[in-house]
Each structure stands twice: as structure tokens, then as C-alpha cells.
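Note sheet for the following structure.
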2 protein chains.
Amino acid sequence: MDEKRKAPKLRDTATVVPLPRKPGAALTITDVAEFAGVSKKTVSRVLNREPMKAATRAKVEAAIETLGFVPNVQARALAFRKNFVIVLFIHDSTSPMAMKFQRGVLSAIADSELALAVRPVDRESPDLLADIETFLGRQKPMGAIFLPPLSERDDIGEMCQRLNVRYVRVGSAPLDMMSRSVWSNDRDVVTAVVRDIVARGHRRIGFVRGPSGFRSAREREAGFRQALQAAGLPVDEALMVDGHYSFESGVSAGAALLDAPHPPTVIFASNDSMAAGVTRAAHQRGLSLPRDLSIVGFDDNPVAQQIWPSLTTVHWPIAEMGALAARKLVPDMLLGAGEDAADLPSMVESTIIPRESLGDAKQGKSE
Amino acid sequence: MDEKRKAPKLRDTATVVPLPRKPGAALTITDVAEFAGVSKKTVSRVLNREPMKAATRAKVEAAIETLGFVPNVQARALAFRKNFVIVLFIHDSTSPMAMKFQRGVLSAIADSELALAVRPVDRESPDLLADIETFLGRQKPMGAIFLPPLSERDDIGEMCQRLNVRYVRVGSAPLDMMSRSVWSNDRDVVTAVVRDIVARGHRRIGFVRGPSGFRSAREREAGFRQALQAAGLPVDEALMVDGHYSFESGVSAGAALLDAPHPPTVIFASNDSMAAGVTRAAHQRGLSLPRDLSIVGFDDNPVAQQIWPSLTTVHWPIAEMGALAARKLVPDMLLGAGEDAADLPSMVESTIIPRESLGDAKQGKSE
DNA sequence: CAAAAAATAGACACCGGTATCTTTTTGGCG
DNA sequence: CGCCAAAAAGATACCGGTGTCTATTTTTTG
């Protein structure tokens with residue numbers, strides 16, 4: 001190869017370039033182009049998998065490999081006007097469910113160029129919308145995912161549309177267009193759980209509600225009521241008490257139900273934290289579980305396996321929902337060749353996990 | 001047309017610019033400069049809080065406010081050669097402790113321009129170092145935080161220094177220079193815990209180890225041994241069993257200890273998950289807690305309060321460590337005016353949380 | 001009050017990629 | 001073999017900020 005010394009128009013002909021690139025300095029696309037004997041643009045084409053002649057592509061790829069070149073995401077983000085980031089907006093960053101969801105998202109993007117940014121926001125704040133808008137404006141992410149209870153606000157979705165930001169809302173019911181939502185069949189699975197409970201002979205079933213501001217709480221309660229009606233059992237409002245999805249509220253709710261004149265033989269709590277609280281209330285009263293009282297929860301959070309007795313619960317596939325949400329959000333980067341975004345489901349099935357805390361109703365007590 | 005079509009270098013002079021900026025398009029620093037009647041650079045100075053005349057600053061700030069300008073982080077990142085991001089490298093994204101740590105980091109950066117990127121990596125992978133290097137090369141973050149067990153590898157620290165990336169290593173002992181590490185006094189607090197246990201009359205103390213690959217496990221064991229010696233008690237290797245920091249390993253360890261000929265009257269587990277496992281093993285054997293067996297854990301993870309009986313444990317202030325790590329990593333952005341990075345502590349104190357699972361040794365059994 | 005010194009503002013190149021448009025190469029076909 | 005269309009590669013503007021160096025104030029001082 002006889003290199004033809006073209007007149008180097010480059011600005012740095014004799015002023016800056018002379019020093020042979022500091023070892024620590026970042027490699028750029030220009031270095032790769034020079035090494036491969038092609039232009040910047042050609043390297044860029046390779047990076048973006050644009051159609052091109054196989055021989056040229058191979059040459060460039062070899063150069064990238066040899067030099068150990070890693071493209072600069074900031075520069076790409078600037079040129080593309082899009083950051084290679086997914087933002088996850090959460091309300092309560094302590095929730096184990098939010099963490100599981102996050103893990104699902106991370107697993108979906110693990111092999112891609114995407115990064116995940118987590119942004120906790122305060123649902124109560126009057127500046128909520130403005131905060132989200134600022135964050136989106138700053139980050140210009142590929143998309144945003146909203147977890148409950150944020151996902152239940154239609155104004156957030158509308159804002160994203162106005163800002164032209166892709167988003168997915170996650171919840172316990174369809175909250176938006178199919179392509180923008182991922183949900184689980186909370187209502188139906190609760191109905192099935194209660195059917196199982198009734199099949200074991202229970203007739204007095206306590207229910208601990210979640211906070212009414214959460215769609216999941218309302219769905220689970222609706223499923224409970226439906227199941228009772230289907231089973232021909234009366235809906236006894238005295239057996240339904242309020243909770244806030246917290247362990248402490250579960251303890252109080254359990255106390256209220258167990259100290260009542262006619263306590264239930266089984267208590268369904270709308271999430272596992274509250275079920276753990278009910279379990280504590282039962283232990284405090286010296287009850288033997290599940291002989292004296294059965295308890296059922298929802299979520300399948302880590303506590304469910306670790307308490308005594310282990311909790312019969314509904315496995316809420318939140319990690320799977322996280323992966324699904326990510327794939328729906330950025331299908332062009334996360335789907336394989338044969339996959340089509342339109343084929344991705346929007347609903348995932350929760351399943352019942354039988355463990356120790358649900359037993360048969362005592363013979364004497366039933367009816 | 002007498003336009004010279006051979007060399008239309010300034011093609012946009014009269015063709016593109018005229019249109020008055022599409023409403024949806026992003027505002028730039030140029031718009032602000034024009035509005036305020038100053039130059040780009042002056043606006044940049046305001047954004048970067050460089051010293052300047054108060055009147056000019058006020059004028060520019062008013063313009064920013066009026067226009068609702070939000071600077072483009074990608075462009076800044078490109079120009080600065082630094083991304084406004086902190087990366088958190090974790091090995092096990094399911095660990096509740098990692099999640100608490102993450103929350104601490106998020107709270108520290110909540111009001112700043114920083115974002116947090118979470119990157120799970122596989123400690124076992126032979127490509128671990130390369131993976132981290134690639135991620136750092138791509139993201140060019142302000143800094144990186146490593147959690148155990150990643151933080152215990154010196155080669156990762158060396159790599160960061162080579163790449164000129166700031167980092168903080170988090171652990172249960174000083175792992176690096178003060179300015180690059182945050183640690184807790186695991187050994188000392190375990191010693192204190194065992195002193196309390198002994199003070200309650202216990203003489204046969206079981207110990208469940210953590211995985212030997214974790215520095216925290218080794219420190220906690222060292223603290224345990226020290227305390228026994230200080231109390232003049234023999235170190236009975238038969239009362240020390242292995243665990244892997246998992247619930248299941250706690251169940252096995254508990255079973256091994258309780259089924260032995262001379263079971264201990266109290267078991268100290270090196271973390272709460274294993275303590276919960278021991279608790280389960282005890283329940284399975286029909287023991288009444290803490291009458292027949294006391295149990296003590298370490299971490300104060302969410303399960304500790306929710307199991308029965310609630311677990312006496314060591315509160316490992318991991319969220320606080322997260323906030324501290326972030327502040328040490330990027331002090332210039334996260335510290336207030338009066339604060340100095342040199343004043344930030346490196347060690348945080350763990351504290352003992354008395355709950356229900358530690359009781360006095362039975363009269364008959366002691367000695 | 002003028003000159004010198006210091007502080008502030010502005011012009012322009014630059015960060016490392018992508019987009020557009022132009023030039024060169026390739027390939028099909030009479 | 002030559003012509004022309006189509007495909008590939010190249011040159012250069014551009015994304016939206018920051019850094020440097022120069023021009024202009026403003027302040028200080030004799």
C-alpha cells in the first residue's frame with residue numbers, strides 16, 4: 001500500500017497533532033478511521049450497523065478490535081439527541097417489589113448499550129410533574145417506566161406524550177394503550193385464591209385492604225368480593241379492614257380482626273408485608289398457625305419464605321414485568337432478529353404459591 | 001440563479017436559519033444568550049457558577065427562568081469529558097442490603113444534577129474486569145462505587161486509578177485510602193454483641209459463618225472469637241458452622257447446630273437472612289423462642305422486624321454508608337458551602353438493636 | 001484625571017459522534 | 001469496451017455545551 005499523502009486540510013496540521021496521542025487519552029472514531037484507512041463516516045456506519053460492503057465492514061471491525069475502541073456514549077447521545085438510558089421512576093425506593101422490578105429491567109438491558117437510571121420522586125409533592133419533566137428534559141432518555149402509584153396518574157402519561165418521550169406504565173390493570181402498559185391479572189388471581197380458600201372449608205374470611213389510592217388495592221378487593229359472591233358467601237364488611245401495605249398496618253389489622261367477637265378462620269392480606277404483620281399479631285396472641293388461623297398474602301416478596309410459617313401467597317411476577325416493560329419500551333434495541341414488538345404480551349400471569357400458612361378450616365369451626 | 005453552486009460552503013446562511021425555531025425544539029444556551037443580550041460563554045459561566053458581576057448573573061438567570069431553559073447534560077458531558085453520573089457496581093442485585101445502599105446514594109444526590117446508574121456484574125465471570133472497564137469507558141461517570149464483594153478486590157481499584165476514574169470501596173473494614181473507602185466497624189460491634197449475650201448468662205454460643213470470600217464474614221467471625229476470648233470462654237469449633245449469607249444456608253446451619261448432642265442456647269448468625277433461617281429451623285423443631293433458644297443476627301434487614309420473634313440484630317447503617325460514599329465520591333457537587341471533604345468520616349458505627357429474639361439463658365442450662 | 005491593573009465579556013475552536021450532500025467506485029448491459 | 005445508474009465512501013456542517021485567548025470594561029492608583 002503506497003499511501004498517497006493527500007494534503008491534510010485538518011486544522012491541526014502542524015500545531016496540535018505532533019504529539020503521538022497521550023496513552024491515557026480516549027480513542028476516537030477518527031483514530032479508528034485512520035487505522036483502517038477509511039473515513040469517519042464509514043466507521044460510524046459500522047457502529048450503527050448500516051448496510052455496507054462486507055470487506056469494508058470487516059476491515060473496520062478489525063481496527064476496532066485491535067485498538068480496543070469504545071464509542072463515546074455522550075457524543076452519540078448529543079448527535080442522536082437521545083441518551084441511551086431508560087429512566088425508572090419510583091415512589092418508594094425501599095419497596096422490595098420496586099427492587100425486584102428494577103432487577104428485571106436490568107436483566108433485560110444487561111447485554112445492550114443501555115443504562116438504567118433510577119429516579120425516586122415524591123408522589124405527594126405538588127412539584128411532581130415538574131420534577132419529572134425536568135429530569136426527562138435533562139436526561140433525554142430513550143424512555144421512561146412508571147411504577148405504581150405513579151403509573152396510575154394519567155397526567156404523567158399525557159406529559160410524556162407532549163414531551164415526545166416513550167413510556168410504559170406498570171400496574172395491576174391496563175392503564176394505557178397496549179404498547180404503553182404492562183399489567184398483571186390481580187383481580188382474577190385473587191378470585192382464584194379465594195376459591196382455594198373456600199375449597200378448604202373456610203367460611204369466615206378476613207380481608208386486609210391496601211391503600212385505596214393504589215389501583216392494585218382496589219383490584220384485589222374487587223377480586224375478593226367477586227369470589228365471595230361466586231361462592232355464595234355473604235360479604236361481611238366487619239371482616240374487611242384497612243391497611244397501608246405496611247408491616248405495621250398489617251399488625252393493627254390482624255389485631256382488629258382477631259380481637260373481634262367472631263374472628264375469621266383465615267385472613268387474606270392484600271400484600272405480603274401486611275400478611276407478615278397479621279402473622280405477628282397471631283403469634284402475639286399465642287395462636288398456632290395454620291391450625292388456629294390461616295393467612296394468605298400477595299406479592300411473594302422475600303419475607304414470604306422467611307417467616308414462620310412460610311406464607312401461602314400469590315407470586316406477582318414483577319421482575320418479569322420489569323424485563324417486559326424494558327423490551328416494550330425500546331424494542332429496536334432489546335428484541336432479537338425474529339421478534340416483533342407487536343408480539344410482546346402486555347399482561348403477565350400471577351400464580352398461586354402454596355406454602356405453609358394456608359390450612360384446612362377446623363372441623364368444628366366451619367359453618 | 002447566480003449562486004455559485006460549485007462551492008456553497010455556507011449553505012445555511014439564508015436557507016435554513018430563517019425559520020423561527022420550531023416550538024417543540026430544545027432551547028439552547030444560544031437562545032438564552034440572545035434573550036439576555038449576552039454571549040454564549042457568559043451563560044455558560046452562570047450555569048457553572050463561575051465568579052462574575054452580580055448584575056449580569058441576575059440578567060442571565062432571569063432569562064433562564066423566563067424561557068424555562070434546561071441545559072443539555074449530554075452536551076455538557078461531552079465538553080467536560082465527564083458524565084454527570086455515578087455508577088454503582090453490585091454483585092447481587094437482589095440483596096436487600098444493596099437496595100438500602102442504593103437508596104442512601106439516591107438520597108444524597110436527589111437535589112443535585114447527578115444521576116445514578118446501577119450496574120450488576122458477575123463476580124465469578126472471568127471478564128469481570130473487562131466488563132467494568134468497558135462500562136466505565138462508555139459512561140465516563142463522575143465516579144464509581146463498589147459494594148462487597150467487588151469492593152474487596154484490589155485489582156478493581158487499581159484499574160480505576162489507571163483509567164483515572166474516581167471510586168469508593170465499601171466494606172466492613174478499611175479497604176483503600178481514607179478518601180476512597182467507607183466502612184463499618186463490624187468486628188467491634190460483634191464483640192459488643194457477644195458481650196451482651198454473655199452478660200445474659202449464655203455460655204454455649206453457636207456461630208453461623210458467612211461465606212469466607214466476604215471480608216464482612218471474616219471480620220464478624222474475628223469479632224466473635226475476640227469476644228469469646230475476652231470473656232474467657234473456650235472457642236468451640238463444633239459450635240461454628242458455615243453459611244452462605246442465604247436464608248436456606250441459615251436453615252441448614254440451624255439444623256446442624258440444634259440437632260447436635262449439646263446444642264447452644266443462643267446462635268449468632270453473621271447476617272439476618274441466615275438468622276431467619278435459624279429461626280425457621282428452631283420453629284420446625286417446636287422450640288419456643290427466645291425461651292429455648294436465643295437468636296441474634298446482623299444487618300437489620302426488613303425481615304428482622306417481620307419474623308417472629310422479631311430479631312435482635314445489629315443495625316448496619318448501609319443507607320447512611322451509601323449517602324456517605326456518594327458525598328465522598330463527588331464532594332464538589334454534593335457538599336454544602338461550609339463542608340469540607342476532608343471532614344467526612346470514613347467509618348460509620350453499627351449499633352445493636354434489641355428486639356425479642358435474645359433472652360436470658362435458662363437457669364438450669366447455664367454453666 | 002490619566003494610565004495601569006484587574007475583572008469581565010466575547011469570538012471561536014473543540015469535545016466525538018451523526019446527517020447531508022458530494023464524489024468515487026462498482027456493476028449491469030447494450 | 002463504454003456508458004450510466006446504483007451503491008459505497010468521503011468531506012463537512014452540526015448537535016449544545018466548555019476552554020482559551022483576545023477585546024473590552026471597570027477598578028485602582030499615582
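Lettering of chains follows the sequences in order, A, B, ..., and the numbering in each one begins at 1. Quick caveat: nothing in here was measured; it's all calculated off a predicted structure.
- To the nearest angstrom, P of D/dT18 lies 8 Å from CZ of B/Phe84.
- Whole-Å rounding puts the A/Glu50 CD to D/dG10 C1' distance at 14 Å.
- For the pair B/Leu78 CG and D/dC15 C1', the interatomic distance rounds to 9 Å; values are reported in whole Å.
- One distance of note links NE2 of B/His91 with CG of B/Leu150; it measures 7.0 Å at 0.5 Å rounding.
- Judged by distance alone with a 3.5 Å cut-off, a donor-acceptor contact links the side chain of A/Lys40 to the base of C/dG17.
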Report each atom pair, protein N/O against N/O of nucleotides 7-9 of chain D, whose distance is under 3.5 angstrom.
{"from": "D/dA9", "atom 1": "OP1", "to": "A/Thr56", "atom 2": "OG1", "distance (Å)": "2.0"}
{"from": "D/dA9", "atom 1": "N7", "to": "A/Arg45", "atom 2": "NH2", "distance (Å)": "3.3"}

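- Atom pair B/Arg81:CZ and C/dG17:P shows a separation of 12 Å (rounding to whole Å applied).
- With rounding to whole Å, B/Lys140 atom NZ is found 9 Å from C/dG16 atom C1'.
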side-chain contact (heavy atoms from CB on, under 4.5 Å) assessment of A/Phe89 paired with A/Ile145
CA-CA 6 Å; A/Phe89 287 98; A/Ile145 300 176; over 6 Å; no
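- If you check the side chains of B/Arg76 and B/Asn48, you find a donor sitting under 3.5 Å from an acceptor.
- B/Glu34 places its CD atom 12 Å from the P atom of C/dA11, with the value rounded to the nearest Å.
- In terms of position along DNA chain C, the nucleotide closest to A/Ala75 lies nearer the 5' end than the nucleotide closest to the other residue of the pair A/Lys41 and A/Ala75.
- With no hydrogens or angles considered, no side-chain donor-acceptor pair links A/Thr28 and A/Lys40 at under 3.5 Å.
- Taking side-chain N and O atoms only, B/Asn48 has a distance below 4.0 Å to OP1 or OP2 of D/dT18.
- Surrounding CG of A/Asp155 are more than 12 heavy atoms belonging to other residues, nucleotides or ligands, all under 6.0 Å away.
- Between A/Glu339 and A/Arg327 there is a salt bridge, with a side-chain nitrogen of the basic residue lying less than 4.0 Å from a carboxylate oxygen of the acidic one.
- Residue B/Leu47 contributes atom CG, which lies 10 Å from atom C1' of D/dT18 at whole-angstrom precision.
- Between B/Arg76 and D/dT18, a side-chain N or O to OP1/OP2 separation shorter than 4.0 Å is present.
- A salt bridge links B/Arg162 with B/Glu133; the closest basic N to acidic carboxylate O contact falls under 4.0 Å.
- Counting to the nearest Å, the P atom of D/dT18 and the CG atom of B/Asn72 are 10 Å from each other.
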